[in-house]
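Working notes for the structure below.
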Amino acid sequence: MERLRRDHENSGKLLSKKLPHNIQALKRILTAFSLGIIALQSTVPVLANSRKPEETVNCDMLIVGAGLAGSAAAYEGLLAGKTVCLTEITDWVGGQISSQGTSALDEGKQQRSQQHFPRGYNLLRNNIARLYNRQNPGECWVSESCFIPYHGHQLLSQQLNDAQQQGRGQLKWFPSTVIKDIELSEDGKLIKSAIAIQHSPKPGTGHLDKEPLSKTIEDAYSYENSQRFNKKVIRFESKSKNGNPNDWFVIEATETGEIIALADIPYRLGLDPRDHLNPSSPTEKGDNYCVQGFTYPFAMERTATPQPQTKPSFYEQYEPYYGYDTDRRLASFDVVFTYRRIWTPKPAESVRVGPMRVQKPQPGDISMQNWIWGNDYRPGTSQDNLVYSRRQLEETGQLEPGGWKGGLRTDALRKGEELSEGYYYWLVAGRTDSRLGYGTKRPAPNHRFLQGLDSPMGTAHGLSKYPYIREGRRIIGRPSYDHPQGFAINEIDISTKDYWGDFYRTSLPRPMYQLVWSTIANLESKFVTPNDRPSYMVTRRTHATVYPDSVGVAQYMIDFHPCMTLSPPEKRGNRERQGVRVAHAGAHPAQIPLRALIPQKVDNLIVSGKSIATSNIAAAAYRVHGFEWSVGAAAGTLASFSMEQGILPYQLVDNLPQQEAKLLELRRRLERNGNPTTFPREMMFSVRR
């Protein structure tokens, strides 16, 4: 506890030199709040090779992963008066806005214009504006709100603390903690308990964030103490002793779907096979290894004078990958720097940068870097993929008892880290450009790489604590009246594409293309009149699919960061996987159906975050900040509601399409609590981003 207190006191020194006095004062208040959020669990070493838990912790709901979805679930659970156990591999809450470094809110324009977000997300946005006295302290142009990741963690910590007090719930917060094993009931339908490992640095070895994730992740998932960490083994189980199946719930909120893999429930990974529901897929059979790229963001500061720059020893390996953009209007350093600028100390004149006008970059500005041809690492083969498939998990022994190690390829993490470090050097000193050729890129030495525990990322190495993950394992929902093979949200449920285009008419087999027509026409006819057009003339959606079991909302375009074709991804002349971007399109304001949160086989597991039942194409839209909060709020509310009503989640939808009274009651509770389950009609029936 004393170590964590010192870390909080020392954090933010770099930023305090730049932030106005009122922000420094509020920062001290936030630090006090975050320290008071809960008495942190003490860390006691365990005997080598021991699996025996040293502590048993009881909760109403165990939330695994404290990203935006997990934090939203905890927020709603606390307001409902529940005891919430929240685990996280890092020591920050917030995921995308904090530990993953992507503190630039990706939001749909219509949704943002009406602030049609869940109550907790709106509160978070408002608190950001209050902290800085402006909504966009970085004056970035990718978003209306770009800010320091460290502050994202602080603000969300305070928000959870406030929810705990307001709702009379209890938060049991377990930072630096991973789930190692789960215990299922004899029939396999319930998670009875979960075994976790909490790690802390051995005395004299330094802070947890001294080293990047690739060097610590395997150690974090090992029961044994090491030269680096002391470990404590914890068992999580139900607070109730009644033995009812709805006594407690586990909420999957990890970034890659770890509990899904551990429970061995049906899921998909990577590209889906092309069919009438996902007609833009580039493959007929699917591909488990082509997953969207992941990114290690970092922060850099503009300086008044040139800074010494050190070329990484591995720079030449990754140099062939780096580039600006094929659009020459975007091919300048200031375009990239202001794109996700997260802090600027004072107002400045407006200047033209590429195709837009932005506040002039000036010394003291801080930019967060997340650029597709920069630090996006995009493996796409079985030799280098990040998220292991089920077959790879079996081959590496991770599905055996005690064998789980996180389900990720450590070497891919390492190379993603190196790619980011090399990208900084390319920005400030490089002259090559993989997109536009030699001669376009100019050095920009008046910058420095921000690292240290008081840096925006809060790490000694300067990279984010955890990579920004765009895609992981996605469950296959239970069979339903309209999805006999298992429920999922698919491309044609949300896309604005016109499927009369040449690609579809020439690439799809005629029977499949006719099925696309008839499926779209059937979906359209349920809520709008197709003007007496025959089905073969209905080639695009005028709105997203309307679900009777909607429990949340989402709006963002279908946006891809495709895997690369060859291994390794940084190989000279390598290209993106052909055809993945065919699905790139606008998306209608959409809904989150309850069926997408309910996995097969296990009845007290609720899935949230990016692991809900979507196709690979739909997942490209269902992955941004506001969506994560919305689905997390739905998961936390669903768990509370199910415990109070004495039911299991699948029982709310097992009689659809007939009306279900309890389902309507759940939706009314969500709406009453300020968590919308639908968009206003004028937003639903539009074709804008």
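- Aromatic ring centres of F174 and F236 lie closer together than 6.0 Å.
- Geometric assessment of R505 against the ring of W500 yields a positive cation-pi assignment under the 6.0 Å and 45° thresholds.
- The shortest side-chain heavy-atom distance between Y504 and V516 does not fall under the 4.5 Å cut-off.
- A salt bridge does not link R274 to E491: none of the charged nitrogens lies less than 4.0 Å from a carboxylate oxygen.
- Ion pairing of E671 with R667 is absent here, as no side-chain N (NZ or NE/NH1/NH2) approaches a carboxylate O to less than 4.0 Å.
- Between D603 and K189, no side-chain nitrogen of the basic residue sits less than 4.0 Å from a carboxylate oxygen of the acidic one, so the salt-bridge criterion is not met.
- Geometrically, R595 does not engage Y547 in a cation-pi contact defined by less than 6.0 Å to the ring centre and at most 45° from the axis.
- With respect to R623 and D559, a salt bridge is recorded, a charged nitrogen being found less than 4.0 Å from a carboxylate O.
- Remark: C290 engages L271, D287, C563, R577, V580 in a side-chain contact (heavy atoms from CB on, under 4.5 Å) (not counting sequence neighbours).
- With salt bridges taken as basic N to acidic carboxylate O contacts below 4.0 Å, none links E471 and K610.
- Applying side-chain hydrogen bond (donor to acceptor under 3.5 Å, both in side chains) to Q555 and the options Q110, H588, K109 leaves one that passes, Q110.
- The closest side-chain heavy-atom distance from T87 to V178 is not below 4.5 Å.
- In summary, E76 and R119 engage in a salt bridge, as defined by a charged side-chain N under 4.0 Å from a carboxylate O.
- Side-chain contact of Y267 with Q600: a donor-acceptor pair under 3.5 Å is absent, judged by distance alone.
- The existence of a salt bridge linking E665 and R669 is excluded, since no basic side-chain nitrogen approaches an acidic carboxylate oxygen closer than 4.0 Å.
- Using a cut-off of 4.0 Å between Lys/Arg side-chain N and Asp/Glu carboxylate O, K405 and E258 are scored as not salt-bridged.
- Considering all non-hydrogen atoms of both residues, K192 and E237 come closest at O-CB, 3.8 Å.
- Ring-plane geometry between Y121 and W629 is classed as tilted, the angle between the planes lying from 30 to 60 degrees on a 0 to 90 degree scale.
- A salt bridge is defined here as a Lys NZ or Arg NE, NH1 or NH2 lying under 4.0 Å from an Asp or Glu carboxylate O, and D60 with K172 fails to meet this definition.
- In this structure S382 satisfies the side chain to side chain donor-acceptor pair (under 3.5 Å) test with no other residue, sequence neighbours excluded.
- Between D247 and K241 no salt bridge is recorded (no basic side-chain N to carboxylate O distance below 4.0 Å).
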